[in-house]
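To keep things clear, I will list the structure first and then write my remarks on it.
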Number of protein chains: 2
Amino acid sequence: MSIRYALLGLLRDQPATGYELTQRFAQGIGRHAWSAKHSQIYPELRKLTDEGLIEVVEEGARGKRVYGVTEPGRAELREWLLRGPDEGTVRNPLLLWMFLIGGLDPDDALRALRAVEERATEMLGELTETYDFLAAEGGELPAGAYAAQFGIHTYRATREWARWAIEEQAERNRRAR
Amino acid sequence: MSIRYALLGLLRDQPATGYELTQRFAQGIGRHAWSAKHSQIYPELRKLTDEGLIEVVEEGARGKRVYGVTEPGRAELREWLLRGPDEGTVRNPLLLWMFLIGGLDPDDALRALRAVEERATEMLGELTETYDFLAAEGGELPAGAYAAQFGIHTYRATREWARWAIEEQAERNRRAR
DNA sequence: CGGCTCATGTAAAGAGTTACATGATTTG
DNA sequence: CAAATCATGTAACTCTTTACATGAGCCG
């Protein structure tokens with residue numbers, strides 16, 4: 001049921017079509033916080049419209065419909081945000097994997113951990129660029145900037161963890177021989 | 001489809017009943033990486049048994065059945081682990097919320113951020129205890145220790161992020177007045 | 001004008017949650 | 001012996017994905 005709040009939040013930032021929302025879900029939010037496909041987004045936009053939380057603010061070629069948040073929609077979103085983050089469903093493939101690689105044999109585990117470190121370093125670079133780009137404009141930090149900065153903090157932590165784990169694992173390998 | 005690997009991974013650490021697995025899902029893995037309810041766990045155990053990836057290693061009172069991983073199950077798990085973390089479905093309520101609180105008005109946002117900082121500090125304490133407990137035994141680090149250490153790293157990062165965001169937000173509030 | 005991107009939808013299948021349901025054993 | 005915990009299951013519903021489906025506009 002959080003998909004509706006994700007949509008409200010994205011639309012509050014900026015009115016958009018279902019198509020554009022699908023793309024945004026394929027990037028930032030979708031890759032890190034909450035993924036969704038267009039086949040879920042379109043019907044949800046319909047529902048939100050029926051409930052008066054969003055509305056069509058512009059129509060264009062090819063059946064294009066740009067949605068924006070209504071006043072009731074803003075109120076609903078605010079209330080949800082003030083309730084604090086939902087507990088409930090968690091789905092984090094990276095973390096699940098981390099939970100389980102401890103059981104690989106030492107060499108496999110070491111290789112896996114190196115992959116984590118590399119990936120974290122990569123993501124760190126990517127996000128630093130994103131953040132710099134978002135922050136460059138001066139004045140107000142745009143919505144995504146907080147999330148980007150959060151990503152930077154967590155990937156840095158992930159990298160440090162990987163380095164620690166590699167050390168641990170290497171130690172274990174040495175002892176095993 | 002990752003539920004089966006979560007189960008294989010937990011059972012490889014230690015044979016368990018569906019009931020015990022349900023409880024483990026309610027804690028570590030379930031709270032941070034992949035949640036599941038008993039109504040999903042029991043049918044999945046049945047399927048895994050039919051496929052020969054796990055087996056009943058002990059039966060007890062009250063229809064109790066302790067499952068363990070078979071050789072094919074171990075192989076399947078290893079292959080999956082070596083493929084690296086799945087891309088795909090992500091569900092992270094905390095992050096979704098962080099993505100969206102930027103749009104709250106300044107005072108609300110500040111209050112929300114303070115809540116994040118507090119919660120991170122709390123979790124940090126909890127996990128530090130868990131880790132110390134797991135590491136105290138000396139010798140091999142048990143499976144959960146890597147995950148716990150990862151948690152410590154990420155919650156510390158979350159706390160630092162929250163502090164940074166609070167500063168940003170406070171700055172924004174000052175300017176707004 | 002052919003291929004790509006924009007743009008929207010629906011149907012069927014699969015995954016996951018909530019609610020309903022039952023009963024044995026242990027603990028106080 | 002009552003209440004809590006252990007232990008398992010199923011049914012109905014909701015959410016999500018995959019696959020199917022269509023067509024308009026843009027670019028070279």
Side-chain angles (χ1 to χ4, degrees), chain A residues 1-8 10-11 15-27 29-31 33-51 54-68 86-93 96, chain B residues 1-8 10-11 14-27 29-31 33-51 54-68 80 86-93 96:
Chain A
M1 253 303 95
S2 296
I3 177 82
R4 59 195 307 113
Y5 297 106
L7 290 170
L8 285 173
L10 287 172
L11 289 176
T17 64
Y19 186 79
E20 287 163 341
L21 290 166
T22 304
Q23 292 180 309
R24 293 205 222 161
F25 267 101
Q27 301 162 12
I29 275 206
R31 262 167 68 216
W34 207 274
S35 45
K37 309 276 154 98
H38 81 278
S39 55
Q40 199 188 359
I41 292 171
Y42 285 111
E44 192 66 37
L45 289 173
R46 167 85 35 118
K47 273 193 224 161
L48 287 165
T49 310
D50 291 347
E51 293 171 37
I54 63 175
E55 64 188 346
V56 176
V57 294
E58 191 198 319
E59 298 194 63
R62 290 175 258 179
K64 176 178 172 178
R65 255 161 297 145
V66 181
Y67 291 92
D86 287 355
E87 307 276 306
T89 326
V90 169
R91 219 113 290 195
N92 187 334
L96 176 60
Chain B
M1 253 302 94
S2 296
I3 178 86
R4 58 194 310 113
Y5 297 106
L7 290 171
L8 285 173
L10 287 172
L11 289 176
Q14 210 192 116
T17 64
Y19 186 80
E20 286 164 342
L21 291 166
T22 304
Q23 293 181 309
R24 293 206 221 161
F25 266 101
Q27 302 163 12
I29 275 208
R31 262 166 70 216
W34 208 274
S35 45
K37 309 277 154 98
H38 81 279
S39 55
Q40 199 187 0
I41 291 171
Y42 285 111
E44 192 65 37
L45 288 173
R46 167 87 35 119
K47 273 194 225 161
L48 286 165
T49 309
D50 290 347
E51 292 171 40
I54 63 175
E55 63 188 349
V56 176
V57 295
E58 191 199 316
E59 299 195 61
R62 289 175 256 182
K64 176 177 171 179
R65 255 161 297 143
V66 181
Y67 291 92
W80 181 78
D86 286 354
E87 308 275 307
T89 327
V90 169
R91 221 112 287 198
N92 188 333
L96 176 61

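Here is the naming used below: chain letters follow the sequence lines, and residue numbers restart at 1 for every chain. In this text the structure is predicted, and so the values were computed from the model without any measurement.
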- Query: Choosing from D:dT16, C:dT25, C:dA15, which nucleotide comes nearest the side chain of B:Ala61?
  - Reply: C:dT25
- Task: Indicate whether OP1 or OP2 belonging to D:dT8 is found under 4.0 Å from a side-chain N or O atom of B:Tyr42.
- Result: yes
- B:Ser39 side chain, from C-beta outward: closest of C:dT18, C:dG16, C:dC6: C:dT18
- Task: Figure out the OH/C1' separation between A:Tyr67 and C:dA7, and round it to whole Å.
- Result: 11 Å
- Note on the structure: Rounded to the nearest 0.5 angstrom, the CD-OG1 distance for A:Glu58 and A:Thr17 is 10.0 Å
- Query: Counting just side-chain N and O atoms, does A:Arg91 come under 4.0 Å of either OP1 or OP2 of C:dA15?
  - Reply: no
- Message: I need the CG-P distance between A:Leu21 and C:dG9, as an integer number of Å.
- Response: 12 Å
- Nearest-Å distance for atom pair CG/P, residues B:Asp86 and D:dT17: 13 Å
- Using only side-chain N and O atoms of B:Arg46, determine if any of them is under 4.0 Å from OP1 or OP2 of D:dG9. yes
- Message: As a test of reading the structure: which of C:dA7, C:dA19, C:dG23 is closest to the side chain of A:Lys64, going by heavy atoms?
- Response: C:dA7
- Message: So, taking the atom named CG in A:Leu45 and the one named NZ in A:Lys47, what distance separates them when rounded to the nearest 0.5 Å?
- Response: 11.0 Å
- Task: Would you tell me if any nitrogen or oxygen in the side chain of B:Tyr19 comes within less than 4.0 Å of OP1 or OP2 on D:dC6?
- Result: yes
- Query: Can you tell which of D:dT17, C:dC6, C:dT17 lies closest to the side chain of B:Gln40?
  - Reply: C:dT17
- Take the protein atom CG of B:Leu45 and the nucleotide atom C1' of D:dA7, then report the distance between them rounded to whole Å. 12 Å
- Note on the structure: Taken to the nearest 0.5 Å, the spacing of A:Asp86 CG from B:Asn92 CG works out to 11.0 Å
- Query: In terms of side-chain heavy atoms of B:Ile3, which of D:dT17, D:dT8, C:dG16 is nearest?
  - Reply: C:dG16
- Task: When you get a sec, tell me which of D:dT10, C:dT18, C:dG16 is the closest nucleotide to the side chain of B:Lys37?
- Result: C:dT18
- Task: Could you tell me whether the side chain of A:Tyr67 and the main chain of A:Leu8 form a donor-acceptor pair under 3.5 Å?
- Result: no
- Item | Atom pair distance, as rounded to whole Å: NZ in A:Lys47 and P in C:dG9 | 14 Å
- Which listed nucleotide (D:dC15, C:dT8, D:dG9) is nearest to the side chain of B:His38? D:dG9
- Between C:dT17 (C1') and B:Glu44 (CD): distance, integer Å: 15 Å
- Atom CD1 of A:Ile41 and atom CD of A:Glu44: how far apart are they, to the nearest 0.5 Å? 10.0 Å
- Nearest-angstrom distance from the residue atom CZ of A:Arg4 to P of D:dT14: 13 Å
- Query: Which nucleotide, D:dT10, C:dA7, C:dT25, lies nearest any side-chain atom of B:Arg62?
  - Reply: C:dT25
- Message: Can a donor-acceptor pair be found, under 3.5 Å and without considering hydrogens, that links the side chain of A:Arg91 to the backbone of B:Ser35?
- Response: yes
- Could you check whether B:Thr89 gets within reach of a base, just the sugar-phosphate, or nothing at all, counting any heavy atom under 4.0 Å? sugar-phosphate
- Message: Is there a side-chain contact between B:Arg65 and the phosphate of D:dG9, meaning an N or O under 4.0 Å from OP1 or OP2?
- Response: yes
